[in-house]
Amino acid sequence: MIEQAEIARLKALMEWEGSRAAPPKGFPALPDMPAARYTSAEYYALEQEHVFRKSWLFAGHIDEVPEPGCYMRWHNAGDPIVIVHSMDGTVRAFYNTCRHRGAPVVTEDRGKSSRLMCGYHNWTYKTDGTLVGVPERQDFSPNFDMSCRSLIPVRCELLGNVIFVNFDADAMPLTEWLGPLMNEWDEFAFDRVRLAARHSFELNCNWKVAMEANMEVYHVPFIHPTTVAPLVDAKRNLNTIYPNGHARMLAPAPHHTDREHVRAIDSPPGWRPIESVGELGRTCTQSYTLFPNWVSPLSNYFVPPLVFWPTSLGTTRLELVTMALDWGDAPAPDLWTVPDDSQPNGRQMSPIILEDTQFGEAIQQSMQSAAFKSVPLSYQEARIYSFHQSLDRMIGTDNVPAHLQVEPVIGEDWVWPNDPRTAEMETATARDGATLPA
């Protein structure tokens, strides 16, 4: 929960952002980023090896494995794994690879069983991964030790009802990875929201091209004039950079927007409000980037992450997820997709998502041309630049070829809890005799 004094500071900073005539004093000029970060097979391989193998990744929701014995396959980040609600109540993840001759232990997307059995030779495992059954055991060496042949675990931790995995056995705990987001997200009832919708769509562009459309509001007046623009004042947008690559955008609705119009768009009829959500979540749009590939607005009605999975250098799988409080007998809420009448039970992307993805393929094709040499970013796009700094830091600067690196010009003095804008705002307020908003 965000303290009242911090809420007041953030509200004042949003107003200050709307009134400034230049970037904040001391904010670094952002050097152009190398264009090849979006088109280089070498950089893509580094991302796969160092970023997606070492970060905490969204894997699912407890509703997908609701009871002991339930399991689900997951293969969004390379190696196939199986997520299991073990018979002892613990949610675990394992490589979906039998310790005999490498066949998948689970071949269905979802199921329920007190044992996991490879269909090739019927090697059988408990839901905690322990190998307990080997047919014709007598034909193996007398030194064959079943206790050493358990399924290989993958780090698996929960934030409330939301399941995350990490391929790095030495990674910091999820709570440490989230850092200050743990406190800020407490009000959004991650332990009570249910999975209402989860759909995937294929995009013909690099995953960063797709994701970065959701990491700045510079484009909002031009791409979203009737959908997002009534909700988000792009001038009073306030970006915050957090440790570990995370970030937040916070913006009120434009002054001229009628509050009833905002409620009609942002408060879907029949959806249960999350009563614990504080003032900012009820009155502003706030969108969090959870490094490396989750972007989500959070409000008093939903937790709806957009998750961007690279499937090749130039293709992306976009997962559109809606989590909300229990909807009872009403239709399950779905913020990001609408019915597709061209196919039975089909879904298609909502107008907002279509607006954000409409240029992805053309951008990727254009990026392949000799004319695409570098990427200049503004202060409004600092979240993107900081994100790229975090990519290089996770990969390891020594591993990134010099011609692909971004200069790490955004220093720790601009990373939470530091914020030089506060002092600049207070100085200007004192000079002008203005009153900070409560």
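For reference, positions follow the sequence shown, starting with 1.
Other residues, nucleotides and ligands contribute over 12 non-hydrogen atoms within 6.0 Å of the CD atom of Gln343. Atom CD of Glu3 has 12 or fewer heavy atoms from other residues, nucleotides or ligands within 6.0 Å. Within a 6.0 Å sphere centred on NZ of Lys126, other residues, nucleotides and ligands contribute 12 heavy atoms or fewer. Within a 6.0 Å radius of CZ in Phe201, other residues, nucleotides and ligands contribute more than 12 heavy atoms.
Residues His246 and Trp416 place their aromatic rings such that the two centres sit no closer than 6.0 Å. Between Tyr288 and Trp294, the ring center distance fails the sub-6.0 Å criterion. Taking the six-membered ring where the residue is Trp, the centroids of Phe302 and Trp336 are separated by 6.0 Å or more.
A salt bridge links Glu17 with Arg421; the closest basic N to acidic carboxylate O contact falls under 4.0 Å. For the pair Glu279 and Arg282, the salt-bridge criterion is not met [side-chain N within less than 4.0 Å of a carboxylate O]. Ion pairing of Lys54 with Asp170 is absent here, as no side-chain N (NZ or NE/NH1/NH2) approaches a carboxylate O to less than 4.0 Å.
There is no side-chain donor-acceptor pair under 3.5 Å between Glu157 and Trp56. Side chains of Arg92 and Ser86: a donor-acceptor N/O pair is present below 3.5 angstrom, by distance only. At a cut-off of 3.5 Å, with distance as the only test, a side-chain donor of His199 or Asp334 sits close to an acceptor on the other residue. Of the N and O atoms on the side chains of Ser366 and Ser369, not one donor lies less than 3.5 Å from an acceptor on the other residue. Under the 3.5 Å distance criterion, with hydrogens and angles disregarded, a donor-acceptor pair is assigned to the side chains of Glu184 and Tyr242.
Judged by distance alone, with hydrogens and angles left aside, the side-chain atoms of Arg236 form a donor-acceptor pair with the main-chain N or O of Ala253 at under 3.5 Å. The main-chain N or O of Trp207 is found under 3.5 Å from a side-chain atom of Thr316 such that the two form a donor-acceptor pair. At least one donor-acceptor pair under 3.5 Å links the side chain of Ser113 to the backbone N or O of Arg115. In this structure, Gln368 contributes its side chain and Gln365 its backbone to no donor-acceptor pair below 3.5 Å. The backbone N or O of Glu42 lies less than 3.5 Å from a partner atom in the side chain of Ser40, making a donor-acceptor pair. Side-chain atoms of His219 come within 3.5 Å of backbone N or O of Glu216 as a donor-acceptor pair. Looking at Gln389, its side chain never comes within 3.5 Å of a backbone N or O of Val406 through a donor-acceptor pair. Under a 3.5 Å cut-off, the side chain of Ser276 and the backbone N or O of Glu187 do form a donor-acceptor pair. For the pair Thr124 (side chain) and Asn122 (backbone), a donor-acceptor distance under 3.5 Å is present. Using modelled atom types, no side-chain atom of Arg194 and backbone atom of His61 make a donor-acceptor pair closer than 3.5 Å.
Note that CG of Leu231 is 11.0 Å distant from NE2 of His224, once rounded to the nearest 0.5 Å.
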(message) Assess the residue pair Thr337 and Gln348 against the criterion (side chain to side chain contact (heavy atoms under 4.5 Å, CB included)); give the C-alpha distance rounded to whole Å, side-chain angles, the decisive distance to 0.1 Å, and a yes or no.
(response) CA-CA 5 Å; Thr337 75; Gln348 61 183 339; over 6 Å; no
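Cation-pi check for Arg99 over Trp123 is not met; the charged atom does not lie both under 6.0 angstrom from the ring centroid and within 45 degrees of its normal.
Between His388 and the choices Arg393, Glu407, Lys208, the side-chain contact (heavy atoms from CB on, under 4.5 Å) rule is met once, by Lys208.
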